[in-house]
Amino acid sequence: MRNLSITGNRINSAFFQEDVLDVAPKLIGKYLCRAFDDGSIIKKRITEIEIYRGEEDLACHASKGKTARNEIMYKNGGVLYIYLIYGMHWMLNFVTGDANNPQAILLRGIDGIVGPGRTAKKLKIDKSFNGEDLGKSKRIWIEKNDLKAEYTTDVRIGIDYAGDYWKNKAWRLVLK
DNA sequence: GTAAGGATTGGC
DNA sequence: CCAATCCTTACT
């Protein structure tokens, strides 16, 4: 059935409701699916992500506590956190962990596309996706599979303001 | 109210 | 190298 990929073969919210350090290695390499109004679907592997972990992480948007912008990160894992940066680029993040434990994984690349802004643009992401439930959404979800993905790690990009300790965390994962 | 700056990108 | 572009945040 054509509908199977939309309703049956997706990763559920529980997958995201663990510590972001455990979720990220399982997320890299998975197939991200995006269904458009015209019936077309983009299905590509997640190739690059970054970890943002809690209020103590000075690079995380939650480092100064809950605000109107970041409140989505305080929800249970499995929803999207979307925000605009530099007045022009939408960023897509997967919220992880339990409620009141703000964590997220920034999507930086999918097959053939490098860069968080470019990736979100390709997927036609905007503010309306903020809070989108990956367990239920008809327009975006992640496909199940048990393949182990190999990846390399490196420091996160664009967070020099976070101080030496946090800026040097190898919390960027790149699919081999 | 006001001002500073950003999890980036593309063009010169 | 640097401007674009506007939302969010932290102040006065």
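Chain naming here is simple, since letters A, B, ... match the order of the sequence lines and numbering starts at 1 in each. Every heavy atom of this structure was used, including side-chain atoms; hydrogens, water molecules and symmetry mates were not.
For the pair A/Lys167 NZ and B/dG6 P, the computed distance is 13 Å after rounding to whole Å. As a whole-Å value, the separation of A/Glu71 CD from C/dT9 P is 10 Å. Rounded to an integer number of Å, the gap from A/Met91 CE to B/dG6 C1' is 10 Å. In this structure, A/Asn130 atom CG and C/dC7 atom C1' are separated by 13 Å, rounded to whole Å. Between A/Glu48 atom CD and B/dT8 atom P the separation is 10 Å, expressed in whole Å. In this structure, A/Ile82 atom CD1 and C/dT8 atom P are separated by 13 Å, rounded to whole Å. Regarding A/Leu80, its CG atom lies at a distance of 18 Å from the P atom of B/dA7, rounded to whole Å. Atom pair A/Gln103:CD and B/dA7:C1' shows a separation of 16 Å (rounding to whole Å applied).
Proximity of A/Tyr83 to the phosphate of B/dG6: no side-chain N or O atom is located under 4.0 Å from OP1 or OP2. Residue A/Arg172 places none of its side-chain N or O atoms closer than 4.0 Å to OP1 or OP2 of B/dA7.
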Task: Step-by-step side-chain contact (heavy atoms from CB on, under 4.5 Å) determination, A/His89 to A/Met91 - done: CA-CA 6 Å; A/His89 305 296; A/Met91 302 280 110; 3.8 Å; yes

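Below 30°, between 30° and 60°, or above 60°: for A/His61 and A/Tyr83 the angle between ring planes is above 60°, a perpendicular geometry.
Among residues at least two apart or in separate chains, there is no salt bridge (Lys or Arg N to Asp or Glu O under 4.0 Å) pair with a member in residues 27-37 of chain A.
The A/Leu84 side chain lies nearest to C/dC7 when the options are C/dC7, B/dA7, B/dG10. Of the candidates C/dC7, C/dT5, B/dT8, the closest approach to any side-chain atom of A/Arg108 belongs to B/dT8. Among the nucleotides C/dC6, B/dG10, B/dT8, the one closest to the side chain of A/His89 is B/dT8.
Backbone-only engagement by A/Ile159 is indicated by non-hydrogen atom pairs under 4.0 Å involving sugar-phosphate atoms exclusively. Nucleic acid contact for A/Arg69: sugar-phosphate only, since backbone atoms but no base atoms lie under 4.0 Å from a heavy atom of the residue.
Interatomic distance, CG of A/Asp154 versus CG of A/Asn168, reported as 10.5 Å (0.5 Å rounding).
Heavy-atom nearest nucleotides on DNA chain C were determined for A/Met88 and for A/Lys127, and the one closer to the 5' end corresponds to A/Met88. Nearest-nucleotide positions on DNA chain C place A/Tyr86 closer to the 5' end than the other of A/Tyr86 and A/Thr67.
Going from the P atom of B/dT2 to that of C/dT5 covers 23 Å, rounded to whole Å.
Nucleotide C/dA4 is matched to B/dT8 when pairs are restricted to Watson-Crick or G-U wobble geometry with both distances under 3.5 angstrom. Of all nucleotides present, only B/dG1 satisfies the Watson-Crick or G-U wobble test against C/dC11, with each distance under 3.5 Å.
In this structure, A/Lys176 is not positioned above the aromatic face of A/Tyr151 in the sense of NZ or CZ being under 6.0 Å from the six-membered ring centre and within 45° of the axis.
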